[in-house]
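Note that the coordinates shown come from a computational prediction; the quantities given were computed from them, not determined experimentally. Side chains included, hydrogens not; waters and symmetry mates left out as well; all remaining heavy atoms used.
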Amino acid sequence: MAFAPRPASMLPPGASIRQPGNTVSQQQSSALAARIASKKAELEHLIQLRDMSNGLAGQMEVLQAKLATLKDGTEAVACVLANWDNVLRAITMASTELKMLNQVVEQEVSEENNDDVSARSPLPATLVRIPATQQDKLSGQ
């Protein structure tokens, strides 16, 4: 069985019948390449966003610790300020007693006609000492 020879192609040498399909394939691959590049850029931005979010979270934790310290310090200051009323009252009592003693001494001195009032001036009344540290508590016992 003999086959008939193939007819010669009318296309110029190097030309392909699939040229339109090849163009579509190149367009698809360039579109895919552009999409891949876009997704890579998006991934880079997401990685940067993740890193920045982690940094912000760390800064917020540090801020939380500082605010806790500030809260504790504020409570300590409030406690001290609450005691100032008692401290001022004790100072006032001691000063009032000292003033009354000074008046008594001045009266006695004026009756004796002695000009040396400062030599006979009483000392202020002694206030009670409360230990503030552990060492003071141990030495006070």
Look up atom [atom1] in [X] and atom [atom2] in [Y], then write down how far apart they are to the nearest 0.5 Å.
X	Y	atom1	atom2	value
Arg35	Glu42	CZ	CD	10.0 Å
Leu32	Gln28	CG	CD	7.0 Å
Leu49	Asn54	CG	CG	9.5 Å
Leu81	Thr74	CG	OG1	10.5 Å
His45	Met52	NE2	CE	10.5 Å

Problem set entry | Other cluster members, Ile47 - Ile/Leu/Val/Met/Phe/Trp/Tyr, side-chain contacts below 4.5 Å |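 Traced through the cluster, Ile47 reaches Leu43.
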
Exercise. With ILVMFWY side chains joined below 4.5 Å, transitively, what does Met93's cluster contain besides itself?
Worked result: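 None; Met93 is a cluster of one.
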
For this session: Under the side-chain hydrogen bond (donor to acceptor under 3.5 Å, both in side chains) rule, collect the residues that match up with Asp85, sequence neighbours excluded.
Result: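 Asp85 satisfies side-chain hydrogen bond (donor to acceptor under 3.5 Å, both in side chains) with Arg89 only.
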
For this session: Could you name each residue pair satisfying salt bridge (charged side-chain N to carboxylate O under 4.0 Å, His left out) that touches residues 44-62, not counting sequence neighbours?
Result: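 Not a single pair qualifies under salt bridge (charged side-chain N to carboxylate O under 4.0 Å, His left out).
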
Problem set entry | Test salt bridge (charged side-chain N to carboxylate O under 4.0 Å, His left out) applied to Lys66 - qualifying residues, sequence neighbours left out |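 Lys66 satisfies salt bridge (charged side-chain N to carboxylate O under 4.0 Å, His left out) with no other residue.
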
For this session: With sequence neighbours left out, write down each residue that passes salt bridge (charged side-chain N to carboxylate O under 4.0 Å, His left out) with Lys40, or none if nothing qualifies.
Result: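 For Lys40, no residue satisfies salt bridge (charged side-chain N to carboxylate O under 4.0 Å, His left out) once neighbours in sequence are set aside.
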
Exercise. Short question: side chain of Ser38, backbone of Ala34 - any donor-acceptor pair under 3.5 Å?
Worked result: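 Not a single qualifying donor-acceptor pair exists.
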
Exercise. Taking side chain as C-beta onward, heavy atoms only, is Val80 less than 4.5 Å from Val77?
Worked result: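 In short, these two side chains do not touch, never coming nearer than 4.5 Å.
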
For this session: Look at atom CD of Glu75 and say whether more than 12 heavy atoms of other residues, nucleotides or ligands are closer to it than 6.0 Å.
Result: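 Count over threshold, so yes.
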
